[in-house]
Amino acid sequence: MKLTLQLQLLPSADQKAQLLETMERFNEAATFAAKVGFERKVYGQVSIHGLAYHEIRERFGLSAQMAVRAIAKAVECFQRDKSKCPVFKPRGAICYDQRVLSFKGLTTVSMWAMKGRLLIPFVCGAYQKERQGRIKGQADLVYRQGKFYLLCTIDLPEGAPIDPRNTIGVDLGIVNIATDSTGEVFSGEKVETLRKHYARRRAGLNRVGTKSARRRLAKIRKREAHFHRNENHRISKQIVAKAKATDSAIALEELSGIRARVTVKKPQRNRHAGWSFLQLRSFVAYKAQLAGVPVVLVDPRNTSRTCSVCGHCEKGNRRNQAEFCCLQCGHSVNADLNAARNIRAKAVVKRPMVGVVEAKAGLRNCG
Ligand SMILES: [Zn+2]
């Protein structure tokens with residue numbers, strides 16, 4: 001399974017200047033290659049190469065391989081859309097391959113730059129160390145908020161699919177981030193506290209409305225997104241590990257159900273950004289696939305208003321966000337747990353299938 005590994009580079013001030021210069025020359029060259037191709041109505045690597053390669057090397061001072069990559073950037077853009085001539089941002093991502101980038105030991109990367117090769121250290125924790133041997137082929141160099149990152153493609157082996165003997169239903173809820181059918185709650189308490197904190201600060205800064213306030217606002221949003229991402233990684237990891245340890249498939253609602261519920265009521269809409277739900281769901285899906293744990297997707301209709309004991313379905317069963325009390329049999333239970341049990345029950349009668357493909361398609365539809 002192909003995933004992206006992000007490495008943060010730690011260049012010296014001089015190396016940083018050289019990388020920026022390289023990025024700028026590269027993007028100018030890519031824009032030039034696009035212009036040549038667009039004017040002559042040729043859009044392929046070979047034909048643009050024939051027209052622009054020598055001039056690119058002379059005018060922008062790129063190495064042979066970097067010139068090829070710059071042309072490739074224009075070509076990739078034409079593959080999506082031939083109707084416009086692209087102009088690339090001076091500090092847009094640039095692509096390295098094995099001829100211009102190599103790893104030296106565990107903590108240093110050697111990269112081509114305008115004035116010669118640079119040896120640049122990068123941040124390497126346990127996570128990166130474990131995966132570094134699996135980096136394949138190309139890497140994108142990106143510059144964000146004053147920092148350089150290498151986005152490397154890695155190929156991770158998928159676990160042999162387990163033959164599940166059990167099924168765990170997982171409800172992605174409003175009060176709790178996730179609740180499973182065994183009653184385990186993956187709480188959003190910390191998330192909720194922090195979200196309130198961020199929301200207050202955002203509101204304050206919104207009122208101020210100055211340029212520096214907007215900058216700080218963007219910073220806060222980024223920090224918050226980062227926090228949610230970490231939480232989603234943590235929770236999805238726990239859910240998948242539990243399923244694997246208990247020989248279980250994981251049952252989730254089909255996407256339409258989650259979207260409907262995230263957008264139900266206005267005051268709650270703010271409580272969780274919809275994307276955070278979708279992210280958690282996609283994390284569960286891909287981690288499950290890596291671990292060989294099947295994911296079953298079930299129809300979300302009525303999972304929150306049906307009694308998981310007697311099957312009675314009525315809107316009034318759901319007293320409020322947190323409580324479920326069956327109007328027929330009197331069964332009283334946490335609403336998220338009731339939903340998780342229903343999700344599990346629906347999955348048990350359905351054949352397990354790995355849900356990653358659907359999850360990705362669904363994310364796209366969601367806009
Ligand atoms: Zn009942």
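Atoms considered below: every heavy atom in the structure, side chains included; atoms not considered: hydrogens, waters and symmetry mates. What you are looking at is a predicted structure, and each value in this text was computed from that prediction instead of being measured. Whatever order the structure lists ligands and atoms in, that order sets their numbers, starting from 1.
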Residue pair Asn27 / Lys89, side-chain heavy-atom distance below 4.5 Å: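 The answer is no, as the side chains (C-beta and beyond) never meet within the 4.5 Å cut-off.
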
Close side-chain approach of Phe88 and Glu28, heavy atoms under 4.5 Å: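 A side-chain contact is absent here, since even the closest heavy-atom pair is not under 4.5 Å.
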
Nearest-0.5 Å distance that lies between atom SG in Cys325 and atom CZ in Arg319: 4.0 Å

[X] charged N/C atom sitting above [Y] aromatic ring, 6.0 Å / 45°:
X	Y	result
Arg200	Tyr198	no
Lys35	Phe38	no
Arg69	Phe26	no

Protein N/O/S neighbour count - the Zn ion (ligand 1), strictly under 2.8 Å: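 Considering protein N, O and S only, the Zn ion (ligand 1) has 4 within range.
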
